[in-house]
*Asks:* 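Got a structure here, written out as structure tokens. Questions coming.
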Number of protein chains: 2
Amino acid sequence: MSTAKKILIIEDQGTMRRNLALLLEMEGFQVVTAENGRIGLETARRERPDVILCDVMMPEMDGYAVVQALRGEPDFATTPFLFLTAKGEKSDIRVGMNFGADDYLTKPVVRDDLLAAIEARLARAEAQDERVRELAGNHPGGHLPDFSSPAPLQTHLGLTGREAEVLLWVAQGKSNGDVSSILGCSEKTVKQHLGSIFEKLGVENRTSASLVAVETLAKHSRG
Amino acid sequence: MSTAKKILIIEDQGTMRRNLALLLEMEGFQVVTAENGRIGLETARRERPDVILCDVMMPEMDGYAVVQALRGEPDFATTPFLFLTAKGEKSDIRVGMNFGADDYLTKPVVRDDLLAAIEARLARAEAQDERVRELAGNHPGGHLPDFSSPAPLQTHLGLTGREAEVLLWVAQGKSNGDVSSILGCSEKTVKQHLGSIFEKLGVENRTSASLVAVETLAKHSRG
DNA sequence: AAAGGTCTAGGACTAAAGGCGTATGGTGGG
DNA sequence: CCCACCATACGCCTTTAGTCCTAGACCTTT
């Protein structure tokens, strides 16, 4: 792990807030705290925590409102959010979970339970990031078509080498004249090839042919 | 909504399993069931459910083992997993949550609670998928652009509504005449809009504009 | 050697695309 | 009320795209 995970604690009771912060800091987490929901939201936006611990009952803005607000912001749509609840509030837990909280802990919080819950959610979030990286790795730079080679057009669309070259440039918006200059042939030749291309692809103009080419180049660029 | 969400129910008690299945099917979900943990795992791998409901106490393989196994597989690292627990098992919930479960429901399950919990987790999963797509630039149905709506062109390219409509059709290879018929206006109008589109996109012909449109529709499709 | 595919390219033509100017209504905001 | 923006539309003009036909040069396969 490169850097310490950052945990935001939103809790109005000072004693409990400090105890939690101390406990988590001793475990190697970076801790930021907020004493109510409104400040908690601001702090979250500023600090970008990896996990949020949040009390339910708070003045100004309760825990439900906090999680609801966060879940509406793309940056926090996936940030693990754990509730801290007193025993009597257990029936209200459902509300929080349905707003998109990830877990809850019953106060008084046992050290091992707290750490286990946090670790579990961090592991979950990392699995999420892993998935993102995998997908991103398969398609670097997005899922954009790769115009670096005409080969995919030749193999996947059954075009001849020259036809594939022509289509490669046409699909990038070049005019027939441009393509003829690029390929060093007559514009008539480009037109001739384009005619063959249209027939092979079953289309009737360069725009449709380009669409086919772009999709082919996007799909068969890297896997 | 494109297709119904698929829910896997892993529950050894036949009556409860059927009741849950019936309830969820009436709500429009596609339901598959399994009568124990081992079969549940196999079913999950085969059916790729969007949500998994799983009993804790089961012969052969209990719910903890199921969630632990699933969380180890990349394909299921992020699939919402909800426990169904009897009242007396509440202390064991922590174990399940720490294995990566997303929520739990206490039996007997109240209909509204069940639906709310499922919807909440589906919403969460979709938010995550959204993030995956944004970061990875990936697309669920492959890498194909979605021509079902001009909205992305309007919002992401700064086009007016009508311009977006025109481009949507042009990008699909339609001629100006075709577009004018489709949109019920003069071909001159189509040309006029296309001129504005070229200027806004910084391109000089319809093929290049289509390229931009296709990439935009591939990136920002679905919502 | 003959056949077939590819790449090249010409002529003659039609169709479509695109630029430029102008103009009319509608609509929303200062 | 006027202005800015939008959608609509026409005319005139130039450029580009695309079709059909023909045909030579160069390959490989038969």
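Every chain is numbered from 1 and lettered A, B, ... according to where its sequence line falls, protein lines coming before strand lines.
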*Asks:* Find the bend of the helix from dA1(C)-dT30(D) to dG30(C)-dC1(D) as the angle between its two terminal axes (five pairs each), to the nearest 10°.
*Replies:* 40°
*Asks:* Considering non-hydrogen atoms only, spot the tightest contact between Gly173(A) and Asn205(B) and give its length.
*Replies:* O-ND2, 2.8 Å
*Asks:* Using a 4.0 Å heavy-atom cut-off to protein, can you give one letter per nucleotide of nucleotides 6-25 of chain D, 5' to 3': B if the base is in contact, S if only the sugar-phosphate is, - if neither?
*Replies:* SSBBBB-----BBS-B----
*Asks:* Ignoring hydrogens, what is the shortest heavy-atom contact between Lys191(B) and Asn176(B)? Give both atom names and the distance.
*Replies:* CG-ND2, 3.7 Å
*Asks:* Please name the pair of heavy atoms, one in Asp103(B) and one in Met97(B), separated by the smallest distance, quoted to 0.1 Å.
*Replies:* N-SD, 4.0 Å
*Asks:* Less than 4.0 Å between a side-chain N and a carboxylate O, is that true for Asp50(B) and Arg124(B)?
*Replies:* no
*Asks:* Are side-chain N/O atoms of Ser175(A) and Asp178(A) paired as donor and acceptor at under 3.5 Å?
*Replies:* yes
*Asks:* Thinking salt bridges, do Arg45(B) and Glu42(B) make one under a 4.0 Å N-O criterion?
*Replies:* no
*Asks:* According to ring pair (Phe, Tyr, Trp, His ring centres under 6.0 Å), does anything in residues 159-196 of chain A pair up with another residue at least two apart or in another chain? List the pairs.
*Replies:* none
*Asks:* If you look only at distance, which donor and acceptor atoms sit under 3.5 Å apart when one is on a side chain in residues 21-33 of chain B and the other is two or more places apart or in another chain?
*Replies:*
{"unit_1": "Glu27(B)", "atom_1": "OE2", "unit_2": "Arg111(B)", "atom_2": "NH2", "d": "2.6"}

*Asks:* For Lys200(A), check salt bridge (charged side-chain N to carboxylate O under 4.0 Å, His left out) against everything at least two apart and list the hits.
*Replies:* Glu163(A)
*Asks:* Quick one: how far along DNA chain C does chain A reach, first to last nucleotide 5' to 3', anything under 4.0 Å to a heavy atom?
*Replies:* dT6(C) to dA12(C)
*Asks:* Is it true that Arg38(A) and Asp12(A) make a salt bridge, defined as a side-chain N closer than 4.0 Å to a carboxylate O?
*Replies:* no
